[in-house]
Number of protein chains: 2
Amino acid sequence: MEITSYTDYALRVLIYLARSPNKQTTITEIADYFNISRNHLVKIVHQLGSKGFVKTTRGKGGGLVLQRPPAMINIGNVVRSMECHFNWVECFNPTQQHCRLLPNCGLKHLFAQAGEAYLKVLDSATLADVLLGITTVGLNSKIL
Amino acid sequence: MEITSYTDYALRVLIYLARSPNKQTTITEIADYFNISRNHLVKIVHQLGSKGFVKTTRGKGGGLVLQRPPAMINIGNVVRSMECHFNWVECFNPTQQHCRLLPNCGLKHLFAQAGEAYLKVLDSATLADVLLGITTVGLNSKIL
DNA sequence: TAAAAAATGTATTTATAATACACCTATTAA
DNA sequence: TTAATAGGTGTATTATAAATACATTTTTTA
């Protein structure tokens with residue numbers, strides 16, 4: 001059980017940007033800082049842009065900045081936007097063959113509840129909350 | 001975000017056994033029923049045995065049975081026993097390089113909370129609860 | 001117009017989970 | 001005592017998805 005590095009890196013990009021306010025930050029700078037693939041990061045940043053978390057600017061002097069203040073960026077929202085699926089168990093996956101236990105099986109419902117509980121915790125924190133070492137959920141967030 | 005089929009199949013084995021009480025069930029029978037790899041299932045069943053969820057019997061007339069009644073088998077316990085890791089984000093993984101954001105980053109703490117919330121829901125249900133189509137957590141379980 | 005930076009599409013590599021295969025051990029019944 | 005049946009073990013292979021690499025395009029500014 002682990003989120004993809006795709007989502008992981010997206011969160012790190014946002015934290016990096018939040019720590020570097022009032023300036024354009026380049027993808028290359030962030031990739032070098034975390035020592036991760038620049039090409040992979042390009043796609044992550046692009047998606048962060050299309051989902052409205054960062055504002056990207058092409059061309060010389062361009063780069064990326066947060067589109068909203070950290071306290072207005074919800075972590076659950078970011079994870080939901082970046083993680084490509086939440087098929088908690090196989091029966092959530094529409095491309096899989098039908099499990100013979102369905103529909104008389106409570107697993108799907110139970111794991112749906114568990115997944116909701118997981119995401120609800122992430123929904124309770126903003127980027128401002130995770131900038132510090134200890135997450136004091138809500139202390140730095142004004143929304144949700 | 002998805003549990004491995006290893007854990008998924010383990011749960012299905014337990015459900016299958018709960019639905020076939022008072023008889024020895026063979027691995028081959030279960031593999032055929034779900035149309036999954038018998039070899040894979042052998043290892044899953046072995047681990048279910050070593051963790052005390054099923055009792056396996058070798059030799060002619062052998063097979064497997066639940067070691068306890070369904071209401072005494074906790075789903076969270078099964079998932080914790082079968083899933084090989086819960087590295088919710090990379091920084092939980094001891095084999096990974098150290099992320100430069102640590103230790104001044106609240107992500108690890110937040111995802112630890114989210115993971116706990118996820119498992120807590122699974123802890124609230126027993127095998128007896130998921131035997132029916134709709135999980136009515138606690139209704140069929142006498143413990144936790 | 002040159003340099004810098006993101007955008008896009010495709011191909012390749014890597015990691016690991018899943019599966020297959022070969023053989024071993026235990027049990028029972030003929 | 002032997003054949004059949006069933007789980008146990010270790011290793012090798014395959015499949016899949018994620019991660020990474022590469023090539024090229026588009027945008028912007030000095």
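Letters A, B, ... mirror the listed sequences (proteins, then strands); counts begin at 1.
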J.: Are A/R38 and C/dA6 close enough that a side-chain N or O sits under 4.0 Å from OP1 or OP2?
T.: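 True: A/R38 side-chain N/O within range (under 4.0 Å) of C/dA6 OP1/OP2.
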J.: Going by side-chain contact (heavy atoms from CB on, under 4.5 Å), B/V13 matches just one of B/L66, B/D8, B/I27, B/L41. Which one?
T.: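 Passing option: B/L41.
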J.: Using a heavy-atom cut-off of under 4.0 Å over every strand shown, decide if A/T57 touches base, sugar-phosphate, or nothing.
T.: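 If one applies the 4.0 Å heavy-atom cut-off, A/T57 turns out to touch the sugar-phosphate alone, with no base involved.
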J.: Measure CD1/A/I27 against C1'/D/dT27 and give the value in whole Å, please.
T.: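 For the pair A/I27 CD1 and D/dT27 C1', the rounded distance is 14 Å.
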J.: Counting only side-chain N and O atoms of A/T26, is one of them less than 4.0 Å from OP1 or OP2 of C/dA4?
T.: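 Looking at the OP1 and OP2 atoms of C/dA4, neither is under 4.0 Å from any side-chain N or O of A/T26.
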J.: Take atom CD of A/Q96 and atom C1' of D/dA15, then tell me their distance rounded to the nearest Å.
T.: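 Checked: the CD to C1' distance equals 13 Å.
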J.: Would B/C105 and A/I15 count as a side chain to side chain contact (heavy atoms under 4.5 Å, CB included) here? Give the steps.
T.: CA-CA 9 Å; B/C105 169; A/I15 292 172; 3.9 Å; yes
J.: Provide, to the nearest angstrom, the distance between the CG atom belonging to B/L64 and the P atom belonging to C/dT27.
T.: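 Going from CG in B/L64 over to P in C/dT27 covers 16 Å.
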J.: Give a yes/no on whether any side-chain N or O of A/H46 is located under 4.0 angstrom from OP1 or OP2 of C/dA6.
T.: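 For C/dA6, OP1/OP2 do not have a side-chain N/O of A/H46 under 4.0 Å.
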J.: Does a side-chain N-to-carboxylate-O contact under 4.0 Å join A/E29 and A/R38?
T.: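 A salt bridge is absent here (no side-chain N lies under 4.0 Å from a carboxylate O).
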J.: Starting at the 5' end of DNA chain C and moving along, which residue's nearest nucleotide shows up first, B/C84 or B/G61?
T.: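 Nearest nucleotide further toward 5': that of B/C84.
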J.: What nucleic acid atoms does B/G59 come within less than 4.0 Å of, heavy atoms only: base, sugar-phosphate, or nothing?
T.: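 B/G59: base contact, heavy atoms under 4.0 Å.
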J.: What is the distance, to the nearest angstrom, from the CD atom on B/Q47 to the C1' atom on D/dT9?
T.: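 For the pair B/Q47 CD and D/dT9 C1', the rounded distance is 14 Å.
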J.: Here's a test of your reading of the structure: between A/T7 and B/T56, which maps to the more 5' nucleotide of DNA chain D?
T.: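 Result: B/T56.
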J.: Give me the ring orientation class for B/W88 and B/Y118: parallel if the planes are under 30° apart, tilted from 30 to 60°, perpendicular past 60°.
T.: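 Because their plane-to-plane angle is over 60°, the rings of B/W88 and B/Y118 count as perpendicular.
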J.: Please tell me whether A/Y33 and A/Y16 form a close aromatic pair, meaning their ring centres lie under 6.0 Å apart.
T.: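 That pair passes the under 6.0 Å test.
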J.: Between C1' on C/dT13 and CG on A/N39, what's the gap in Å once rounded to a whole number?
T.: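 One finds 13 Å between C1' of C/dT13 and CG of A/N39, rounded.
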J.: Could you check how far NE2 of A/H40 sits from C1' of D/dT20, rounded to whole Å?
T.: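 In whole Å, D/dT20 C1' and A/H40 NE2 are 8 Å from each other.
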J.: Whole-Å distance between D/dA19 C1' and A/D8 CG?
T.: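 It works out to 13 Å between those atoms.
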J.: Under 4.0 Å: is that the gap between some side-chain N or O of A/R58 and OP1 or OP2 of D/dT25?
T.: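 No.
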J.: Specify the residue among A/Y6 and A/K60 whose closest nucleotide of DNA chain D lies further upstream toward the 5′ end.
T.: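 Looking at DNA chain D, the more 5' nearest nucleotide goes with A/Y6.
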J.: To the nearest Å, give me how far apart CD (B/E2) and C1' (C/dT16) are.
T.: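 Spelled out: CD on B/E2 to C1' on C/dT16 is 14 Å.
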J.: Checking contacts here: which listed nucleotide (C/dT19, D/dT26, D/dT20) is nearest the side-chain heavy atoms of A/K43?
T.: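 Nearest to the side-chain atoms of A/K43, counting from C-beta on, is D/dT20.
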J.: Looking across every strand, which nucleic acid part, if any, lies under 4.0 Å from A/G63 by heavy atom: base, sugar-phosphate, or nothing?
T.: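 If one applies the 4.0 Å heavy-atom cut-off, A/G63 turns out to touch the sugar-phosphate alone, with no base involved.
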J.: So, is B/S37 close to the C/dA20 phosphate, meaning a side-chain N or O under 4.0 Å from OP1 or OP2?
T.: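 Checking C/dA20 against B/S37, a side-chain N or O does come within under 4.0 Å of OP1 or OP2.
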